[in-house]
Each structure stands twice: as structure tokens, then as C-alpha cells.
Amino acid sequence: MPAPTRTTIAPTLVAWFTENARDLPWRRPGFGAWGVLVSEFMLQQTPVNRVIPLLEAWLDRWPTPAALAAAPPGDAVRHWDNLGYPRRALWLHRAAVEITARHGGVVPRSVDDLLALTGVGDYTARAVAVFAYGDRHPVVDTNTRRVIARAITGDAHPAAAHRRDLDAMADLLPEDDGDAARFNAAAMELGAVVCTARSPRCEVCPIADVCAWRAAGYPDTADTRRKQARYEGSDRHARGAVLAVLRGAATHEASAAEVIADWPDPVQRDRAIDSLVVDGLIEAVDGRLRLPR
DNA sequence: AAAACGTGGCG
DNA sequence: TCGCCAAGTTT
């Protein structure tokens, strides 16, 4: 069984994607580069179904980068709600300010300009250039990484993320811009709905017949990823609890002793508050805590 | 370059 | 119940 190549895997996946793509907001024609950028921020480490409602509310409130840039950063944190990793809200707000100042309020198109925005890395920059503007770049996320690890390399799990992954994807990319964009989306989609981390559905996989992992008998390659730290009782948990109070009770403010007053570890509580202030996610003014203005 | 960074759902 | 997992980026 030959290893899948550009000529075998891409047309098959693109054809499968054409038939099976989920109807997601950011795939609607004319969704716009701002919408795509916001969606990509929200999708960083956060499942699609949790993003959709918050994305739509966000874009109703702030239809342009300039609109968000004009709002206080605390509003961004508040309306990020419970999406998680709230510093993304701060980064997105900062990116909106940068777009307004440096790019006339238009989300930039070049990967370099996108990479220069706060909170935009290798994945997000190329996702915007490809999915919003139709340019030809490799887009590599955790799904694509897993699909390549299995179908091409024959491993159950991808190695640690590496910039070299971009080269591997670039080698598989069709020549045509549109086909390349669809292939990028198709690889992500396959990883998201078929070639999933825990229970791959090989019986419906369009490339099962050329999959190196399947051909090798599904070897259980070692998973090299680091385990996630326990959340319950962690500093992250404490930070999340503080922020949840200040988000919900946004109209009034709280003192350090009042927020999560029943938190079992006051030292940890204070450490959480201090780190949130350092990160700019909250402000302490006259001993009162609040979201930043 | 390893660790930090939220939150909720699913097996 | 509990650990894994989710369209990553930053320091």
C-alpha cells in the first residue's frame, strides 16, 4: 500500500468535504474576515458547539474591529462569558485596536501582518488568510495533525506540534487556491467528525483504504502529549471563580475579601486575584475589584 | 521549550 | 466518578 500523496488524498478528501461539510456560521458565503477572525479566536481550544451562540452575539454587538476597539476591554472579557481562556478576549480586543490603528479597520490579508496581531499564531494567521481571503497556505490545527499522523505517518497520535507540520501539509496541498482551501478545511473536518482522538469512525472514513495507520493494524503509538493538570482546586479554577463573580456581578464591584469569600484557600485566592490583575483581566481600584475599563 | 492558561461534555 | 479532550498562543 503506497503512502498517500498529494494526488491521492486531496481530491478524495475535498470530494468528501463537499458532500459532508457541516453547516457552520463561518462557512456561510460572505461571513467576512472579521467574523472569521473572531471565530478562530473563539475556537482556540474550545469546541464548535460552545462557540456558535457566543460568536453570533459577539458579532451582533461588535460588527467591525473598530466597534470592538472602541469598547472597554472589560466589556470584551464580560461578553466572552464562559468560553474559557478569557485572556483570548483581551487579545482579541487588542487585535481589534491594532487592526483599527494599523490597517484602517480592515482585517489584514497577509500572513505576516496577521501574525503580528496580538493572540494570532501560526494556525489563526493562516486560517484567516485561507478561509477569509482564499489564499493558498497550509493550515494546521490539532485535527489536521492527527489526520496526517494516522493517514500518512501511521501513528495513532501526532508528535508534539512543530513548525515542520506546516511543511508536511504544504506538500499535500493542491495547486489551485480554492482546492487548497477546501483541502485545508476537509482535513480539519475529517479530524473533527471522523478521525477523532478517542473513537475514530474508520467505517465511514473516505481515505480508510490508503490510511497508513489502518494498514499497519492500528498500532497504539505512544501519546507524547503532556497530561492536562487537574482543574479542580487549581489556580486556574480560582481565577475562573473570581472572574465569574466579577463578570456576573458586573454592575457592582467586590473587594478582594468578598469575591469567592468561601474559597477554601485564601492564599490561593489572593494569588489568583494578583495574577488576574497582572494579566489585565481585572483591575483593583481603591481596594475594589472590577473588569478593566 | 515546557508550563500556564478555562470550561464543560463525553466515554 | 474521573480523566481525556477541544479550530492554540504566549512567555
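So you know, we letter chains A, B, ... as the sequences are listed, proteins then strands, and number each from 1.
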For [X], report the nucleic acid contact type (base, sugar-phosphate, nothing); a contact means any heavy atom under 4.0 Å.
| X | value |
| --- | --- |
| A:Trp26 | base |
| A:Ser39 | nothing |
| A:Arg145 | nothing |
| A:Gly121 | sugar-phosphate |
| A:Arg87 | sugar-phosphate |
| A:Ala197 | sugar-phosphate |
| A:Pro47 | base |
| A:Leu24 | base |
| A:Leu83 | base |

Distance between the [atom1] atoms of [N] and [M], in whole angstroms?
| N | M | atom1 | value |
| --- | --- | --- | --- |
| C:dA6 | B:dA1 | C1' | 23 Å |
| B:dC10 | C:dA7 | P | 14 Å |
| C:dC4 | B:dA3 | P | 16 Å |

Going by number, which of residues 231-242 of chain A have a non-hydrogen atom under 4.0 Å from DNA chain B? A:Tyr231, A:Arg236, A:Arg239, A:Gly240
Does anything in residues 49-67 of chain A reach DNA chain B, meaning a heavy atom under 4.0 Å, and if so which residues? A:Arg50
List the atom of [X], the atom of [Y], and the distance in Å for their closest heavy-atom pair.
| X | Y | answer |
| --- | --- | --- |
| A:Trp26 | A:Val51 | CZ3-CG1, 4.3 Å |
| A:Trp213 | A:Asp155 | CD1-C, 3.9 Å |
| A:Leu83 | A:Arg50 | O-NH2, 3.5 Å |
| A:Val36 | A:Ala127 | CG1-O, 4.5 Å |
| A:Pro73 | A:Arg293 | CD-C, 3.8 Å |

Does a donor on one side chain sit under 3.5 Å from an acceptor on the other, for A:Gln44 and A:Tyr123? no
Flag for A:Ser234-A:Arg239: side-chain donor and acceptor within less than 3.5 Å: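 No - no donor-acceptor pair under 3.5 Å links their side chains.
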Contact span of DNA chain C against chain A, any nucleotide atom under 4.0 Å from a heavy atom, 5' to 3', runs C:dG3 to C:dT10
Distance check needed: [N] [atom2] versus [X] [atom1], whole Å only.
| X | N | atom1 | atom2 | answer |
| --- | --- | --- | --- | --- |
| A:Asp279 | B:dC5 | CG | C1' | 9 Å |
| A:Gln228 | B:dT7 | CD | C1' | 10 Å |
| A:Gln44 | B:dG6 | CD | P | 13 Å |
| A:Arg271 | B:dA4 | CZ | P | 11 Å |
| A:Arg78 | B:dG6 | CZ | P | 17 Å |

So for A:Ser199 and B:dG11, does any side-chain atom that can act as donor or acceptor lie under 3.5 Å from a complementary atom in the base?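 Donor-acceptor pair under 3.5 Å: no.
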With a 3.5 Å cut-off and heavy atoms only, can you find an N or O donor on one side and an acceptor on the other between the side chain of A:Arg226 and the base of B:dA3?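 In this structure, the two groups form a donor-acceptor pair.
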I'd like to know if A:Glu189 pairs up with A:Arg22 as an ion pair, taking the criterion as any Lys NZ or Arg NE/NH1/NH2 lying under 4.0 Å from an Asp or Glu carboxylate oxygen. yes
Could you state the interatomic distance from OG1 (A:Thr12) to CZ (A:Phe17), rounded to the nearest 0.5 Å? 15.0 Å
Using the closest heavy atom to pick a nucleotide of DNA chain C for each, name whichever of A:Glu40 or A:Val120 lands nearer the 5' end.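 This one resolves to A:Glu40.
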If you find the nucleotide of DNA chain C closest to A:Asp223 and the one closest to A:Tyr85, which residue's nucleotide is nearer the 5' end?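 Closer to the 5' end of DNA chain C: A:Asp223.
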Check: A:Trp80 ring centroid to A:Trp58 ring centroid under 6.0 Å: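 When the ring centroids of A:Trp80 and A:Trp58 are compared, they turn out to be within the sub-6.0 Å range.
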Keeping A:Asn184 on the side-chain end and A:Ala180 on the backbone end, is there a donor-acceptor pair under 3.5 Å?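 Yes, A:Asn184 side chain to A:Ala180 backbone: donor-acceptor pair under 3.5 Å.
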Taking the side chain from A:Arg109 and the backbone from A:Tyr133, do they hold a donor-acceptor pair closer than 3.5 Å? yes
Side chain of A:Asn82 - closest among B:dA2, B:dT7, B:dG11: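 Nearest nucleotide to the side chain: B:dT7.
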A:Arg27 atom CZ, over 12 foreign heavy atoms within 6.0 Å: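 Enclosed: over 12 neighbouring heavy atoms sit under 6.0 Å from CZ of A:Arg27.
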With a 4.0 Å limit, can you tell me whether A:Arg230 has a side-chain N or O closer than that to the phosphate oxygens OP1/OP2 of B:dC5? no
